Amino acid sequence: MEAALVLIKPDALKKSLTGDILSRISSAGLEIIGAKVVRVSEDLAKMHYAHLKDKPFFQDVIDYICGKQHGRNKVIALVYWGEKAISKLRALAGATNPEEADPTTVRGAYGRITTSGVYENVIHVSDSPETAEREIKLWFSPEEIIEDLYPTKTMVEGGRAVAIWA
Ligand code: UDP
Ligand code: MG
């Protein structure tokens, strides 16, 4: 069993594609074990896309996930769980470059390349169990997920015990 982070990106929200994306993804037979709407800080965006920090398009991609091109700083973050979750979801998402993505995939159907060259490709999907763990810990706290995916520790905050990633 595997977990994967899925983000419904600002272009998808602007185009009201959430319902269609969720129903396409439901064909994978996975379970949603975490879901929320997130206002994406510049710091979160930069940590999420740390592997691209030396690319010329890095700041454009940060601006994109922070909603700068779509008038609203908002993404929907989901954690999917199930057998071969990552490969199933990556296949449904399609190739990174929406022009190369198969037209039957989410990115092939709805993505585009902007005039400045950014791939507006509608959704994010973790690409390996290692990146899934890093990304899920970045976007979610343990208490926001209904499976015990990774080790946690307990911290006392305002007199209340809260779980944080160990
Ligand atoms: N991206 C882009 N141009 C590129 C490569 C990536 O605009 O040449 C953007 C695109 O939105 C992509 C994101 O940066 O989804 C993260 O890139 P990554 O290589 O991790 O691709 P993914 O895992 O999303 O398929
Ligand atoms: Mg990636």
Side-chain angles (χ1 to χ4, degrees), residues 2-18 20-28 30 32-140 145 149-150 165:
E2 268 176 1
L5 178 78
V6 170
L7 301 176
I8 301 182
K9 295 183 181 183
D11 51 329
L13 295 173
K14 183 80 184 183
K15 295 172 179 173
S16 296
L17 296 174
T18 303
D20 184 63
I21 290 167
L22 294 180
S23 69
R24 281 168 174 264
I25 289 179
S26 75
S27 71
L30 304 167
I32 296 172
I33 59 167
K36 60 181 175 178
V37 182
V38 183
R39 185 158 59 191
V40 185
S41 70
E42 182 104 357
D43 277 356
L44 174 59
K46 286 184 168 163
M47 285 188 278
H48 178 75
Y49 283 131
H51 63 293
L52 300 175
K53 68 178 182 331
D54 298 324
K55 302 282 187 195
F57 54 81
F58 181 60
Q59 191 57 46
D60 286 338
V61 171
I62 300 306
D63 289 349
Y64 165 35
I65 201 73
C66 291
K68 299 259 171 70
Q69 290 92 347
H70 298 94
R72 189 85 163 115
N73 182 349
K74 182 171 79 172
V75 306
I76 295 177
L78 304 127
V79 181
Y80 279 84
W81 168 247
E83 218 169 284
K84 296 199 171 80
I86 293 170
S87 57
K88 285 179 181 166
L89 291 167
R90 294 279 304 185
L92 289 165
T96 304
N97 179 338
E99 297 299 331
E100 288 171 3
D102 187 286
T104 64
T105 62
V106 172
R107 288 168 165 182
Y110 302 121
R112 67 169 197 143
I113 303 179
T114 66
T115 46
S116 52
V118 179
Y119 299 169
E120 282 186 7
N121 54 11
V122 190
I123 58 171
H124 167 84
V125 180
S126 307
D127 66 6
S128 71
E130 294 71 33
T131 51
E133 177 172 352
R134 193 183 79 80
E135 292 172 356
I136 289 166
K137 288 177 172 176
L138 199 55
W139 287 82
F140 284 83
I145 300 173
L149 292 181
Y150 313 114
W165 300 117

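Indexing begins at 1, ligand by ligand and atom by atom, following the structure's order. Computed from a predicted structure; not experimentally measured.
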Participant: What pair of heavy atoms forms the shortest contact from Arg107 to Ile123, and how long is it?
Facilitator: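 The answer is NH2-O, 2.9 Å.
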
Participant: Let me know which protein residues bring a heavy atom to under 4.0 Å of ligand 1; chain then number is fine for ordering.
Facilitator: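 Residues within 4.0 Å of ligand 1: Lys9, Tyr49, His51, Leu52, Phe57, Val61, Tyr64, Arg90, Thr96, Arg107, Val118, Tyr119, Asn121.
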
Participant: Side-chain contact, heavy-atom cut-off 4.5 Å: Lys14 with Arg72?
Facilitator: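 Answer no - side chains too far apart.
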
Participant: Within the supplied structure, the quantity of interest is the number of heavy atoms (other residues, nucleotides, ligands) at a distance under 6.0 Å from Lys15 NZ; does it exceed 12?
Facilitator: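 More than 12 heavy atoms, drawn from other residues, nucleotides or ligands, come within 6.0 Å of this atom.
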
Participant: For the pair His124 and His48, name the ring-plane relationship: parallel under 30°, tilted 30 to 60°, perpendicular over 60°.
Facilitator: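 Because their plane-to-plane angle is over 60°, the rings of His124 and His48 count as perpendicular.
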
Participant: Could you give all pairs that pass the side chain to side chain donor-acceptor pair (under 3.5 Å) test and reach residues 34-46, with sequence neighbours left out?
Facilitator: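 Checked against side chain to side chain donor-acceptor pair (under 3.5 Å) - neighbours excluded - the pairs reaching residues 34-46 are Lys36-Glu144, Glu42-Lys46, Glu42-Gln59.
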
Participant: Out of curiosity, Tyr49 OH to Phe57 CZ, how far, rounded to the nearest 0.5 Å?
Facilitator: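 The OH atom of Tyr49 sits 10.0 Å away from the CZ atom of Phe57.
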
